[in-house]
Amino acid sequence: MAQVTTAPTTGAANRGALRGFFRELTRSKTGFAGFVIVALILGMSALAPIFVDSSNPTDVDAIWGPPRAGHWLGTDGSGKDTLKQIVLGGQTVVLVGFLAAAITTVIAVVIGSLAAYIRGRFDGFMLQLTDIVMTIPQIVLLAVLGAFFSLDSPIALALIIGCLTWPVLMRSIRAQALSLKEREFVEAAKLLDLGTTRVVFGEIVPNMASYILINFIIAVTNAIYALVGLYVLGLAPLAGANWGIMINSAWIGGAMFLPAAMPYILAPIAMIALLQLGLIMLTRSLEEILNPRLRDK
């Protein structure tokens, strides 16, 4: 009797692909370390509001207190625990960073791919629009927006940052799409008259997936720097607690002149730098996984 073989289930195939991805991820120790750093910070930011009490009472007897039992990173100028602010303060930074990067990437991919494929007046108009957006002084525009509108929503901040930072990536995506446009599979799709949307987003964009993913991570780092810069300059509402507000508070309160306040200054800076370092290190592994030429070396 002939042996009957059955195809693996979708779930088994997905588990196998996931195991293969993590196996490739561990090939670069630096990249895997970056993945662990990013995963820990994202996990802390997502889960801390659930498991950590958000109340952080003021203790006038512990203003700028040094690290000690019960306050492992000391206290701030109001006597509030620094460690609790660090644990709870990453949510806004992470949310705005990833959401702004997603907005930037979507705008750049859509405009860049369509401009490269359609060409003509549409391409010229989009390039002109890109030049205009690139010449707008972002800090001045953000200062004006902050004066007339209440930017107290992380979604609003992400929209503003995302809508101002797409031009450079758009030009890169356009260059990639121009190269892919001449490939045989795109020509075949044109001959089948599949339509512009199907050819661009079904044939061209998927072949840029690795490039888009890596640039998305880079966009996250840029968005986080932009957000923290807004808080440090006082262009975003200083309500609540996050790492950017902590740096602004330390600057305004003159904490840099107080040795006991050094943990309060350095802790948010260290967390931001650690997250950025983890993201950059992660791109190294992703490049090796997604680029066959690097993977074979």
Side-chain angles (χ1 to χ4, degrees), residues 21 25 31 34-35 38-39 41-42 45-46 90-118 122-123 125-136 138 141-142 153-181 186 196-230 272 275-291:
F21 173 80
L25 188 65
F35 170 77
V38 173
I41 293 178
L42 293 183
S45 301
Q91 191 174 46
T92 299
V93 175
V94 170
L95 173 62
V96 174
F98 277 84
L99 182 56
I103 294 170
T104 295
T105 305
V106 169
I107 294 175
V109 169
V110 171
I111 294 179
S113 301
L114 289 175
Y117 184 77
I118 298 174
F122 180 77
D123 185 30
F125 173 77
M126 287 303 172
L127 287 175
Q128 188 66 38
L129 178 62
T130 301
D131 292 337
I132 293 173
V133 176
M134 290 179 68
T135 58
I136 296 176
Q138 296 184 13
L141 178 59
L142 290 170
S153 168
I155 306 299
L157 288 170
L159 282 171
I160 292 173
I161 295 173
C163 290
L164 291 176
T165 55
W166 57 268
V168 175
L169 180 57
M170 177 270 182
R171 286 185 172 273
S172 299
I173 294 295
R174 177 180 174 274
Q176 292 286 322
L178 283 173
S179 176
L180 291 171
K181 179 184 176 182
V186 177
T196 299
T197 303
R198 174 71 181 276
V199 173
V200 172
F201 299 106
E203 302 294 337
I204 295 178
V205 171
N207 281 277
M208 297 189 293
S210 60
Y211 184 81
I212 293 171
L213 177 59
I214 291 172
N215 278 276
F216 167 76
I217 295 178
I218 295 174
V220 173
T221 65
N222 294 333
I224 291 175
Y225 279 134
L227 174 67
V228 173
L230 288 177
I272 294 169
L275 176 58
Q276 301 289 63
L277 179 63
L279 289 168
I280 296 301
M281 291 166 62
L282 177 59
T283 60
R284 181 171 180 176
S285 273
L286 292 177
E287 285 178 338
E288 294 182 359
I289 294 171
L290 301 173
N291 191 332

Does [X] reach the side chain of [Y], with side-chain heavy atoms less than 4.5 Å apart?
X: I173; Y: S113; answer: yes
X: F201; Y: V110; answer: yes
X: I107; Y: M170; answer: no

Checklist entry - So, the side chain of T135 versus the backbone of I132: is there a donor-acceptor pair under 3.5 Å, distance only? => result yes
Next on the checklist: Taking I280's backbone N and O only, do any of them form a donor-acceptor pair with T283's side chain (distance below 3.5 Å, no angle check)?
Outcome noted: yes
Next on the checklist: More than 12 heavy atoms of other residues, nucleotides or ligands under 6.0 Å from CZ of F125: yes or no?
Outcome noted: no
Checklist entry - Roughly how far apart are S172 OG and I212 CD1, rounded to 0.5 Å? => result 11.5 Å
Checklist entry - How many angstroms lie between CD1 in I103 and CZ in F98, if you round to the nearest 0.5 Å? => result 14.0 Å
Closest approach of [X] to [Y] (non-hydrogen atoms, all atoms of both residues):
X: L178; Y: A116; result: CD2-O, 3.6 Å
X: F216; Y: A102; result: CE1-N, 3.4 Å
X: L180; Y: I204; result: CD1-O, 3.6 Å
X: V133; Y: P167; result: CG1-CG, 3.5 Å
X: V94; Y: L42; result: CG1-CD2, 3.2 Å
X: V38; Y: G278; result: CG2-C, 3.4 Å

Partners meeting side-chain contact (heavy atoms from CB on, under 4.5 Å) with [X] (sequence neighbours left out):
X: T196; value: L114, Y117, I118, V200
X: L277; value: M281
X: Q91; value: P49

Residue list, side chain to side chain donor-acceptor pair (under 3.5 Å) with [X], at least two apart or on another chain:
X: T105; value: none
X: T104; value: T165
X: N215; value: none

Checklist outcome for this item: In short, salt bridge (charged side-chain N to carboxylate O under 4.0 Å, His left out) pairs touching residues 154-175 with sequence neighbours left out are D123-R174, D131-R171
Next on the checklist: Under the salt bridge (charged side-chain N to carboxylate O under 4.0 Å, His left out) definition, can you give me all pairs with a residue in residues 196-216, not counting sequence neighbours?
Outcome noted: none
If you look only at distance, which donor and acceptor atoms sit under 3.5 Å apart when one is on a side chain in residues 217-229 and the other is two or more places apart or in another chain?
residue	atom	partner	partner atom	Å
T221	OG1	I218	O	2.5
N222	ND2	I218	O	3.4

Item to check | From CA spacing to verdict: side chain to side chain contact (heavy atoms under 4.5 Å, CB included), L230, I161 | outcome: CA-CA 10 Å; L230 288 177; I161 295 173; 4.3 Å; yes
